[in-house]
Amino acid sequence: QSTLTQPPSVSGAPGQRVTISCTGSRSNFGAGYDVHWFQRLPGTAPKLLIYGNIKRPSGVPDRFSGSKSGTSASLAITWLQAEDEADYYCQSYDSSLSGWVFGGGTKLTVL
Amino acid sequence: QVHLQEVGPGLVKPSGTLSLTCAVSGASISSSSSNWWSWVRQPPGKGLEWIGQIYRSGSANYNPSLRSRVTISVDVSENHFSLNLNSVTAADTALYYCARLNYYDSSGFPYYFDYWGQGTLVTVSS
């Protein structure tokens, strides 16, 4: 059971917009800790997409955007492309653990 | 470009010690005052679990659930850091990742994982 809750799967057609939710609690998001998102393709190193709730590292397309409000956060992907098919994870710091917690991951399927 | 690579045996016997090293290239651990270096794992079919992290000075923090069995160390001269997990069981079978934590300006906990290795599968079996 992951500390942060994500839907197991989402899907969308090319060109569409999808959102992936991530629900936390008072000891992580509610305590003011930021959410970070990364993408994972099988057999490859996870890739950072969003940090600090809304910041995009250089090289990440602006099709990817993040938001956070209270104990919930979300990742939005616009103009879906076949190459976006991957697993997506949210992540944050947790004061109860005094360490890092993750979502269970969401598999994005591009139809 | 920062690159991390996990190195170590893919098979460990029960009750033995799991040992992995993370080789870092494209960045110097000794020069990186804004970074911590971490280990994360994912058992098959389960979620990601933070194991612990270490600073260049050797100061380390561990997941309380693993603290009694885990040691993370750093070798700045070799530019790598290592994980030792003792008394392993089948429950320690997992994909093990090393990753870098980077500092940023935040009112919360000011770090995020910016670079990861591709992971290495370690199986605990006799």
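First the proteins, then the strands, lettered A, B, ... as listed; each starts at 1.
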Under 3.5 Å donor-acceptor, B:T89 side chain and B:A91 backbone: yes
Proximal component of B:D114, with respect to chain A [non-hydrogen, under 4.5 Å]: both
Between A:Q91 and B:W50, a side-chain donor and acceptor under 3.5 Å: no
Worked check of side-chain contact (heavy atoms from CB on, under 4.5 Å) between B:R100 and B:V24: CA-CA 9 Å; B:R100 188 179 83 165; B:V24 178; over 6 Å; no
Side chain / backbone / both / neither for A:S98 at chain B, heavy atoms under 4.5 Å: backbone
Within the 6.0 Å centroid threshold, strictly below: A:F102 and A:Y89: no
B:Y96 and B:I51, any side-chain heavy atoms less than 4.5 Å apart: yes
Largest heavy-atom contact set with chain A, pairs under 4.5 Å, which of B:Q42, B:K46, B:E49: B:Q42
4.5 Å side-chain heavy-atom contact, B:V122 and B:V12: yes
Inter-residue atom distance B:T21.OG1 - B:D75.CG, 0.5 Å rounding: 9.0 Å
Heavy-atom pair of closest approach, residues B:V74 and B:R56: CG1-O, 3.9 Å
Contact origin within B:L101 toward chain A - heavy atom pairs under 4.5 Å: side chain
Toward chain A, the part of B:Y97 with a non-hydrogen atom under 4.5 Å: side chain
Atom group of B:F109 that falls short of 4.5 Å from chain A, counting heavy atoms: both
Contacts of residues 24-63 of chain A with chain B (heavy atom under 4.5 Å): A:G32, A:Y33, A:D34, A:H36, A:F38, A:R40, A:G43, A:T44, A:A45, A:P46, A:L48, A:Y51, A:G52
Ring center gap for B:Y55 and B:W37 short of 6.0 angstrom: no
